[in-house]
There are 2 protein chains.
Amino acid sequence: MTKSSCYDATVMSPAPPRSGLREVTRRAVQAEIANTAMTLFVEQGYEETTIEQVAAAVGMSGRSVFRYFATKEDMVVGSMAQVGHDIAAALRTRPAEEPAWEALRRALDEPLRALNDDGGIALARSTLLTTTPALRAAQRQKHAQWNELLVPGITPRLEGSAASRQLQAEAIVAAALACLDVAVDEWTRSGGEKPLDELLDAAIAAVRG
Amino acid sequence: MTKSSCYDATVMSPAPPRSGLREVTRRAVQAEIANTAMTLFVEQGYEETTIEQVAAAVGMSGRSVFRYFATKEDMVVGSMAQVGHDIAAALRTRPAEEPAWEALRRALDEPLRALNDDGGIALARSTLLTTTPALRAAQRQKHAQWNELLVPGITPRLEGSAASRQLQAEAIVAAALACLDVAVDEWTRSGGEKPLDELLDAAIAAVRG
DNA sequence: GCCTCGGTTGTCAGTCACTGACAAGCTCGT
DNA sequence: ACGAGCTTGTCAGTGACTGACAACCGAGGC
């Protein structure tokens, strides 16, 4: 009965289109909460950290924290919604005649590089993600949303009836994101040593072999 | 801080190897709780149904319900753990030289048929699953466990170094299960009309095309 | 300078999933 | 019949999350 949250989160401001300055400060506060939370989570564990502790660390009431994040999990995975939109945007810039897999793979280049580059933080977050069941679940849910975001960019690259292309696109996107998950997991296990792009390419090659 | 649950669930009896009859009655009670819960969930919705209501309907205390199911979600998705083991077992019976994808696809034949056959209940459950975010998350977690169960049956069918085969196997299994998800989703949306096996084959063909 | 208005905040009270502890009851083997 | 082992209900508690309300704070109109 709790946490219906009805909308997504993180940018959980669909109703009031915040007016300029308000929005900026809101983002800032949101970012500070997220950072503080991440620090605490890494220090003492996700489950062992209460909302009250995070709130105290940022200097606000627990109630107010929930005015910035719909759920505790969103403090960690909230930003993934944005990444999903970025990938979808990148996909839209790919040439129309590019094959589905190729376009998808290229659309992942940018976020992949982002992960690989700021090694430290991304790796810490990824480790936290993979070691906390509740967070893994939340992460998977975000990925499912990526699916819906990416499918429209794939259907026009396929052949067959509309219904058939829909199913094909869903399958391809789901499989590609599954490969991404596998690659990121391996990357995380390797402590960020192995190059992410090669892992992803290997995963895709295995699937399509 | 809640629901660590440490072990899986449903068959959440790893410590005490229950002695014969005890185990039977336990399974029976478990099944009755699950059935009663499913009825209530379908009738009035998952989120809108409290544990207390389920407990009252079965005639026991809320506390005791949690002695049979680690979490509320497990009342719905608990049985999926068994299915995962079944698939893994089926995979082990496939000839060793059968290619990875083929063996995997064949190992899914049995559970697929089970879904398609008892149309009513499975479809109702599947519909509840797809319309309740919390349950979808739980379902995805179970699927992730299937991954780990199936990978060992795939690695020997691949080529390359041990590490390479591990990554390949993880990717293939994850992609195949992603295809399964897509197929089951479409099957659910079609009200059980479209044949599941054909949907799965179409999904796999799209991915590997 | 004051006042009002939209938005933000803290406080309080409540729901619900989930857990530990304990005492009482039931079942089984001997 | 009796004790060991399981199971059960009860009670008390934690923690995520929500609704309601009153107080506050900054920007615009007068």
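The model shown is predicted, which means the values in this text are computed figures rather than measured ones.
In the set C:dT19, D:dA20, C:dT9, the nucleotide with an atom closest to the side chain of B:Phe66 is C:dT19. Here the side chain of A:Ser61 is nearest to one of D:dG19, C:dG10, D:dT10, namely C:dG10. You'll find that the side chain of A:Met60 is closest to C:dG10, out of C:dG10, D:dA16, C:dT19. In this structure, the nucleotide among D:dG19, D:dA16, D:dT8 sitting nearest to the side chain of A:Thr50 is D:dA16. Listed nucleotides C:dA17, C:dT11, D:dC17 differ in distance to A:Lys72; the shortest reach to its side chain belongs to D:dC17.
Salt bridge present: B:Arg105 and B:Asp201 bring a charged side-chain N and a carboxylate O closer than 4.0 Å.
Note: A:Gln139 CD to A:Ser126 OG = 7.0 Å, rounded to the nearest 0.5 Å.
In this structure, B:Thr131 contributes its side chain and B:Leu128 its backbone to a donor-acceptor pair below 3.5 Å.
Remark: P of D:dT7 and CD of B:Gln30 are 12 Å apart, rounded to the nearest angstrom. If you take CZ of A:Arg27 and C1' of C:dG7, they are 17 Å apart, rounded to a whole angstrom. The separation between B:Tyr46 atom OH and C:dC16 atom P is 14 Å, rounded to whole Å. Distance B:Arg63 CZ to C:dA17 P: 14 Å, rounded to the nearest Å. The CZ-P distance, from B:Phe69 to D:dT7, rounds to 15 Å in whole Å. Taking atom CG of B:Asp74 as the reference point, atom P of C:dT19 lies 11 Å away to the nearest angstrom. The interatomic distance linking B:Glu47 (CD) with D:dA16 (P) rounds to 18 Å, in whole Å. Per the geometry, CD belonging to A:Glu48 stands 14 Å off P belonging to C:dT19, to the nearest Å.
Two residues are said to be in side-chain contact when any heavy atoms from C-beta on lie closer than 4.5 Å; A:Asp74 and A:Lys142 meet this criterion.
Applying the 4.0 Å criterion to OP1 and OP2 of D:dC6, one finds that B:Tyr68 has every side-chain N and O outside that range. Contact between the side-chain N/O atoms of B:Ser64 and the OP1/OP2 oxygens of D:dG9 is found at a separation under 4.0 Å.
Qualifying ring-ring contact (aromatic ring centres under 6.0 Å, His included) partners for A:Trp146, counting only residues two or more places apart in sequence or in other chains: A:His143.
B:Arg67 contributes a side-chain N or O that forms a donor-acceptor pair with the base of D:dG9 under 3.5 Å.
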